[in-house]
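All residue numbers in this chain count up from 1 along the given sequence. For ligands, and for the atoms within them, numbers begin at 1 and follow the listed sequence. Every value quoted in this text rests on a predicted model; they were computed, and no experiment measured them.
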Amino acid sequence: MPNILDGKKLAQEIELILKQTIESGSKLAKRPPGLAVLRVGNDPASGVYVNYKEKACDRIGVRSFANHLKEDISLEELREIIKSLNEEKNVDGILLQLPLPSHLDEDSLLRSIDPDKDADGLHPLNLGRLIKGEKGPRSCTPAGVMALLKRNQITIEGKRAVVVGRSILVGKPMALMLEAANATVTVAHSRTKDLVSITREADLLVVAAGKPYLIGHNHVSDNCVVIDVGIHRLKPEEENLKERKKIKLCGDVKMFEIEDKVAAYSPVPGGVGPMTVTMLLANTVDRWQKHCGLPLTISHLLP
Ligand code: NAP
């Protein structure tokens with residue numbers, strides 16, 4: 001039987017640690033941690049994610065600075081808002097919910113976030129720190145994957161890892177974190193030829209392609225560990241694609257085709273998704289401890 005990498009359970013365990021950390025540090029800090037999530041426009045998926053994040057803040061005692069901004073906000077207006085959050089002493093973390101409307105330049109906005117308040121680790125300085133193996137906020141989704149692997153005692157050192165996807169948000173930082181943990185890493189992308197032969201070499205396969213059910217039985221070798229980062233809402237007419245039971249969400253992997261041959265896998269939902277939100281909270285609490293001069297007690301939760 002494969003080991004199911006239960007992100008929901010681990011996220012709850014980490015949230016409890018974070019809640020206790022906030023309770024015990026707030027007196028000395030004289031304030032709770034603060035997280036500002038910037039949502040621009042009305043993309044429904046972003047709305048759902050921002051909602052999760054705000055609820056998670058409430059659960060553990062992080063003060064949430066919600067900013068739902070109009071779709072046609074200008075680059076300059078958004079820069080001004082980020083500037084004021086950079087200066088706001090009650091804000092420890094700032095997250096710009098992606099994707100942004102097409103008229104806004106994502107790169108320059110991410111760059112305008114104070115690297116020390118960069119809750120999603122996407123500022124070029126923090127990406128550079130990741131490349132150099134220096135401490136700094138790390139991108140939440142790959143950080144969540146690393147925590148899930150660590151908690152389930154999955155050895156990374158010496159393993160052959162394949163990451164499908166090379167986005168700045170997931171694939172690239174994921175590959176760097178696995179390499180830093182001494183895996184030998186191959187990155188595949190949309191121009192990769194013969195994906196099957198590459199993924200079959202993996203002891204550890206992380207799929208972040210954003211393509212529903214891209215990876216199936218033939219892509220995976222026996223006893224591989226498979227992490228499915230993708231998350232997609234199936235249209236009602238597609239729900240029967242899942243042979244055994246009806247589901248509304250799916251990942252990039254046909255887990256029902258491979259669950260009998262792999263050593264471990266992360267389910268969708270309940271795998272990487274909850275861990276992403278939890279690592280955002282962990283980054284925020286870590287920043288808060290730093291900003292308030294508290295002892296840094298949760299570094300072991302971060303990669
Ligand atoms: P993205 O920016 O669209 O990047 C997708 C990557 O996959 C690109 O590098 C692309 O290659 C590659 N790719 C696309 N089709 C491929 C194919 N047929 N074969 C191999 N590679 C292929 O997406 P993302 O932001 O990284 O997110 C990836 C997935 O993870 C999405 O489903 C997203 O919803 C999900 N996600 C989940 C969480 C979570 O918390 N669970 C968090 C973030 C993202 P090119 O570079 O050549 O275009």
Below 4.0 Å, non-hydrogen atoms only: which portion of Leu214 touches ligand 1? Side chain, backbone, both or neither. side chain
How close does the nearest protein non-hydrogen atom get to atom 24 (P) of ligand 1, and which residue and atom is it? Ser167 OG, 3.6 Å
Heavy-atom nearest pair, Asn283 first then Arg138, reads ND2-O, 3.0 Å
Student check: side-chain heavy atoms of Arg39 and Asn42 closer than 4.5 Å: yes
Please list the nearest protein heavy atom to atom 47 (O) of ligand 1 with its residue and the distance rounded to 0.1 Å. Ser190 OG, 2.5 Å
Atom 32 (O) of ligand 1 [closest protein heavy-atom partner, distance rounded to 0.1 Å]: Gly210 CA, 3.2 Å
Here the atoms of ligand 1 under 4.0 Å from any heavy atom belonging to Leu169 are 25 (O)
Within less than 4.0 angstrom of ligand 1, does His232 place any heavy atom? yes
Given that the side chain starts at C-beta and the backbone is N, CA, C, O, which of these parts of Val164 lies under 4.0 Å from ligand 1, counting heavy atoms, or is it both or neither? side chain
Is the number of heavy atoms from other residues, nucleotides or ligands within 6.0 Å of CD (Gln153) greater than 12? no
A quick test of your reading: do over 12 heavy atoms of other residues, nucleotides or ligands sit less than 6.0 Å from NZ of Lys261? yes
When you measure from atom 46 (O) of ligand 1 to every protein heavy atom, which one gives the shortest distance, and what is it? Arg166 NE, 2.7 Å
Measure across Leu204 and Cys224 and return the closest heavy-atom pair with its distance rounded to 0.1 Å. N-SG, 4.3 Å
Top protein contact for atom 33 (C) of ligand 1, by heavy-atom distance: Ile231 N, 4.5 Å
Backbone, side chain, both or neither: what part of Val229 comes under 4.0 angstrom of ligand 1, heavy atoms only? both
Please could you name the atoms of ligand 1 that Thr276 approaches to less than 4.0 Å, counting only its heavy atoms? 39 (C), 40 (O)
What protein heavy atom lies closest to atom 27 (O) of ligand 1? Include the residue and the distance to one decimal. Val170 CG2, 4.2 Å
Proximity flag Ala208 to ligand 1, non-hydrogen atoms under 4.0 Å: yes
Hey, looking at atom 5 (C) of ligand 1, which of Pro212, Ala209, Gly165, Gly7 has the closest heavy atom? Ala209
Can you find a protein heavy atom under 4.0 Å from atom 22 (C) of ligand 1? yes
Just by distance, with hydrogens left out, do Thr186 and Arg160 show a side-chain donor and acceptor under 3.5 Å apart? yes
What part of His189, side chain from CB on, backbone N/CA/C/O, both or neither, has a heavy atom under 4.0 Å from ligand 1? both
Is there a protein heavy atom less than 4.0 Å away from atom 3 (O) of ligand 1? no
